[in-house]
S.K.: 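The structure under discussion is supplied below as structure tokens; questions concerning it will follow.
Atoms within a ligand are numbered from 1 in the order they appear, just like the ligands themselves. Reckoned from all heavy atoms, side chains included, excluding hydrogens, waters and symmetry mates. All values derive from a computational prediction rather than experimental measurement.
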Amino acid sequence: MKKKWWQNAVVYQIYPRSFQDSDGDGIGDLKGIIQRLDYLEELGIDAIWLSPVYKSPNDDNGYDISDYEDIMAEFGTMADMERLIEEGNKRNIKMIMDLVVNHTSDEHAWFVESKKSKENEYRDYYVWRDGKGGEVPNGLRSTFSGSAWEFDEETGQYFLHLFSKRQPDLNWENEKVRQAVYKMMNFWIGKGVGGFRMDVIDLISKVPDQEITGNGPKLHEYLQEMNQATFGGKDLMTVGETWGATPEIAKLYSNPERHELSMVFQFEHVGLDQEHGEGKDKWDLKPLNVAELKKVLSKWQVSLGNEGWNSLFWNNHDLPRIVSRWGNDTVYREQSAKMFAILLHMMKGTPYIYQGEEIGMTNYPIKDISEAEDIETINMYNERLALGFSNEELIESINAKGRDNARTPIQWDNSANGGFTTGTPWLHVNPNYTEINVENNLKDPRSVFYTYKKLIELRKKNDLVVWGEYELLEDTPEEIFAYKRTLDDETWLVVANFSETPTQWTLPAEGKELIISNYDRSDVPTGEQILKPYEAFVIRI
Ligand code: GLC
């Protein structure tokens, strides 16, 4: 594989609404991000995946775009955006724009026109169908609950929305839609962005009448067309959010010879604590089985070979915080946060850090549905309550999986609202900000922050981390997650105790050098070990 800059890069995701408010309106903004670029430079990241900053009525916090070439008023202006790109570039931090083109907002000019009449020249920009016997066209469901079809009184037809009814799906079959999207992408490329993160990109090609929405027949044709018309040959990074990817599908997207995307962002490992089956989804909880996690992560490590590239992540703005989810966010918060970091950042792929993860931020459990902000959570609650679920079990699911968990404002210091805003924050700040915050992390050389910083440095300085072969060690107690990375004649052993119980294990080889660990240890681990709760280390063997 020809080496690319994004193969040894680390990406940091910013959810702008919750990152840093600079003007006291309680909502994060672009000037706030600019103020914090030095902090991100100190961490050592190469690129920022910026969740959407475009003009939007915020039905889904910016994932419903009403103008792709304008900035959301609460976030600032186009001039602020240009400055952010420039200030980022000065620090070698590239801006990766969130590209949300499966759907627009219902306030986008295209949809406003499309709704006007069946003859309107924009009618075909969206997916319109007649009902069947006074009912919806078929059984397609929205990810945000209910039917994916919404009736429009004026023209007597239904339009498709795989997300909220204020997020109508674009009709990618229409050549004009595709060309309009490419033109918009070139507008942003012209502004100097570093690439695109493509929201639910596996949904753009669909056959709604056959209820096919993911991985549709023309998906890869469209991506090749997009590549040619926009970023192809420009050394930009592109990452596709691909919920339904298997390793084979991932190669279709990311094999460099196919000229589609740089990499996939797939979710198999983060789906392991949910029940599967008829009518089940992420809200139906089951405990994580560590053996399964090892199997899934290892499968992705070995199966792409030289024919594809994967992202590495535990968190994003749609997922609960990992330290609360699979670690321990009370007594072993720092140890488990660092264990997750070490385990993931020593793997092959491009790591993503979700804002606040690098200081070990935790979930924020709610007591009542009135505290929820997220449309997905609120719709699910209402739908399931009507189906007979109890309030208690729904709140439990929300606290485990709800998207607000990861969206609480960043805790910068121990001043009011964690230093996020001088006004009233749009979403509750986690009261543990007095203890867990950036300032405290920066003061303490043993903090979670410095583990992340060191892991990033290790990736930069060691080709082994980027390119080494991966091998899972199968012969371990179930809670021990151990793997080797090998490049030429050098091998590193990564060991993690995925539990809060001390676990005995004898290392398979003599340790020669300690590379990183999450407990203070000055010895080089070798021979029999009693691994402490969530203990993790990397040694050269
Ligand atoms: C993606 C985004 C999510 C959004 C959805 C619809 O999954 O990550 O936040 O709600 O797409 O755009």
S.K.: Are there any protein N or O atoms under 3.5 Å from the N or O atoms of ligand 1? List them with distances, or say none.
M.R.:
unit_1   : atom_1 : unit_2 : atom_2 : d
ligand 1 : 7 (O)  : Glu241 : OE1    : 3.3
ligand 1 : 7 (O)  : Glu241 : OE2    : 2.9
ligand 1 : 8 (O)  : Arg197 : NH2    : 3.1
ligand 1 : 8 (O)  : His317 : NE2    : 2.9
ligand 1 : 8 (O)  : Asp318 : OD2    : 2.5
ligand 1 : 9 (O)  : His317 : NE2    : 2.9
ligand 1 : 9 (O)  : Asp318 : OD1    : 2.7
ligand 1 : 9 (O)  : Asp318 : OD2    : 3.4
ligand 1 : 9 (O)  : Arg403 : NH1    : 3.3
ligand 1 : 10 (O) : Asp60  : OD1    : 3.4
ligand 1 : 10 (O) : Asp60  : OD2    : 2.5
ligand 1 : 10 (O) : Arg403 : NH1    : 3.0
ligand 1 : 11 (O) : Asp199 : OD1    : 3.0
ligand 1 : 11 (O) : Asp199 : OD2    : 3.1
ligand 1 : 12 (O) : His103 : NE2    : 2.9
ligand 1 : 12 (O) : Asp199 : OD2    : 2.8

S.K.: Are His220 and Tyr253 near enough that their ring centres are under 6.0 Å apart?
M.R.: yes

S.K.: Assess the pair Tyr452 and His345: is the distance between their ring centroids shorter than 6.0 Å?
M.R.: yes

S.K.: I'd like to know whether the aromatic ring centres of Tyr182 and Phe231 sit less than 6.0 Å apart in this structure.
M.R.: no

S.K.: Between the side chain of Asn417 and the main-chain N/O of Gly423, is any donor-acceptor distance below 3.5 Å?
M.R.: yes

S.K.: Regarding Arg166 and Glu150, does a basic nitrogen lie under 4.0 Å from an acidic carboxylate oxygen?
M.R.: no

S.K.: According to salt bridge (Lys or Arg N to Asp or Glu O under 4.0 Å), who are the partners of Lys183, at least two apart in sequence or on a separate chain?
M.R.: none

